[in-house]
Enquirer: 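Let me begin by handing over the structure; questions about it come next.
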Number of protein chains: 2
Amino acid sequence: MISTQTHPPAVTASERIYTALRQRIMRCEITPGATLDAAEIAQEYEVSKTPVRDAMQRLAADGLVTILPRSGYRVAPITFQAVHEILDMRAAIGPHAARQAARYATPEDVAELRRIVREYDAPLDVGAMQQVARRFHVAIASCSRNRRLVALSESLFDELERLLRFAIDFTVKAGEHSDEHTALVDAIEAGDGERAASIEAEHIKHSREFLIERLMTLGYLSQGEARSAER
Amino acid sequence: MISTQTHPPAVTASERIYTALRQRIMRCEITPGATLDAAEIAQEYEVSKTPVRDAMQRLAADGLVTILPRSGYRVAPITFQAVHEILDMRAAIGPHAARQAARYATPEDVAELRRIVREYDAPLDVGAMQQVARRFHVAIASCSRNRRLVALSESLFDELERLLRFAIDFTVKAGEHSDEHTALVDAIEAGDGERAASIEAEHIKHSREFLIERLMTLGYLSQGEARSAER
DNA sequence: AAACTAGAACTGATGCATCAGTTGCGCAAT
DNA sequence: ATTGCGCAACTGATGCATCAGTTCTAGTTT
């Protein structure tokens, strides 16, 4: 008899805290820049401070929390620098992932991509669109057979989602990148890596411009910042 | 009076363990794939198991160690998959970093790059060359004003160094990539991002081919693996 | 009133004890 | 001899107590 009854199987306390805190930070239920009270969190989740500490260290590795030694934990603030860096990282790996996808993608991969693209047909708010976009780009990265690339993609979209959730009200109507996406999948299916890469580069450029404009409209970026970001 | 006398200033025990273990793993003083005895390490560094555990978690985040829950810590084995992924990540971010460097590099940045390139003039073994190459590429990433890109670059070169140290005997004479590097700095100085990116892409392709061939010669890659890696 | 200082309170870091899951060895039954 | 079961030792996970550094505050001094 295996005693996986008393406790949830292999879900450690720190894992639970990590997941919960991550979600709360992502959803901006915890204000960016706020300091976290480790003792309070421990009490809230009915564990000692140790797994809280473990979770904090993992969150710090994700860049979601900053550890100020002997001082406190701080939720990563949302800065223009972070937006710039994440968009820039996307620009770095996106075209490469597309190129590799064109090389390695199986018919099953392509079918999966088309399935995801089709989801754009349904009316979506910005949040749902972001989710679909995330799955689309992660799926492309998966085609590259490079786990690091997949992990980095996921991590970037996670952070991006948080920034968006903070800065953009989610009732805005989604744009229509569906055509770009279809063209990208076509290129991947045809095995045309350069075309795939350039479509992806263009796509990222567009979504970058959309974001920058949106952030500026909302007053999160000064004109100077926006100019340097739009290059 | 500040009491930074009794203890080394702000260097925590886990930091010490982390750095030490990282170095030992990097230098392959610890056999890849070996399991680590946490209790033994704690005893060796005269600390309890807690900071050892912290260090292990950080090493796991770096990908250098795998945590097998309730079972043990394992030093990441060196696999063809890892080599492939690291070289692929380099191919993804290198050209982009070069492009961004061409956009943002200051005259001081360019001077620093030239300083590093000049170091290739001295006779270097593969290990030293690797060090110079690391600094060169990290310096380029630094020009991008993207800290994430810099961190990723560093991390990739760290892992690459470990793989090389394991697989390649370091007495081999260094290649002569110096011309490529000079051309790259020229392109960056001229602000020609596309040229910089394509030179870097070519450079990475060359060093990839060099590595693949070398690994195959040493019997670390089967022909099939090498073929899929050379694409 | 302003500035400095001493100390109280808080926070993360560490050590140590204990809990729970995994592994593997050995004994027994077939 | 082989297979299966069970127990013992080991390992990481967690909790709890304590240590040490930081920060804020209140009191004193100038």
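Below, read A as the first sequence line, B as the second, and so on, with proteins coming before strands; counting in each chain starts at 1.
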Enquirer: Can you tell me the distance, in whole Å, between the CD atom of E15(B) and the P atom of dA13(C)?
Expert: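 About 11 Å, once rounded to whole Å.
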Enquirer: Check the angle between the aromatic planes of H137(A) and F157(A) and answer parallel, tilted or perpendicular using the 30° and 60° thresholds.
Expert: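 Taking F157(A) first and then H137(A), their aromatic rings lie parallel (interplane angle under 30°).
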Enquirer: State, yes or no, whether a side-chain contact exists between E119(A) and R135(A) at a heavy-atom distance under 4.5 Å.
Expert: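 With C-beta onward as the side chain, the pair touches.
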Enquirer: Report yes or no: is the cationic atom of R58(A) (NZ for Lys, CZ for Arg) under 6.0 Å from the centre of the six-membered ring of Y18(A), at an angle within 45° of the ring normal?
Expert: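 So R58(A) does make the cation-pi contact.
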Enquirer: When the distance from CD of E46(A) to C1' of dT14(D) is rounded to whole Å, what number comes out?
Expert: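 Distance, rounded to whole Å: 15 Å.
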Enquirer: Round to a whole Å and report the spacing from OH of Y18(A) to P of dA13(D).
Expert: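 After rounding, the gap between these two atoms is 16 Å.
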Enquirer: Between the protein and nucleotides 9-12 of chain C, are there any N/O to N/O pairs under 3.5 Å, and if so, what are the atom names and distances?
Expert:
from, atom 1, to, atom 2, distance (Å)
dG12(C), OP1, Y73(A), N, 3.3
dG12(C), N2, R70(A), NH1, 2.7

Enquirer: Check the side chains of D158(B) and S155(B) for a donor-acceptor pair under 3.5 angstrom, ignoring hydrogens and angles.
Expert: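 S155(B) vs D158(B): no donor-acceptor pair found between side chains.
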Enquirer: Provide, to the nearest angstrom, the distance between the OH atom belonging to Y45(B) and the C1' atom belonging to dG15(C).
Expert: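 Interatomic distance, OH of Y45(B) to C1' of dG15(C): 19 Å.
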Enquirer: Roughly, in whole Å, what's the span from CD1 in I17(B) to C1' in dG15(C)?
Expert: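 One finds 13 Å between C1' of dG15(C) and CD1 of I17(B), rounded.
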Enquirer: Within this structure, what is the CZ-to-P distance between R74(B) and dT22(C), rounded to whole angstrom?
Expert: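 So the CZ-P distance, R74(B) to dT22(C), works out to 16 Å.
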Enquirer: Can you tell which of L160(A), I204(A), L156(A), L163(A) makes a side-chain contact (heavy atoms from CB on, under 4.5 Å) with L87(A)?
Expert: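 Considering L160(A), I204(A), L156(A), L163(A), a side-chain contact (heavy atoms from CB on, under 4.5 Å) with L87(A) is found only for L160(A).
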Enquirer: Side chain of S48(B), heavy atoms from C-beta onward: which of dC16(C), dA13(C), dT14(D) has the nearest atom to it?
Expert: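 Nucleotide nearest to S48(B)'s side chain: dC16(C).
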Enquirer: What residue among L36(B), I17(B), T66(B), L64(B) forms side-chain contact (heavy atoms from CB on, under 4.5 Å) with M56(B)?
Expert: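 Filter result, single survivor: L36(B).
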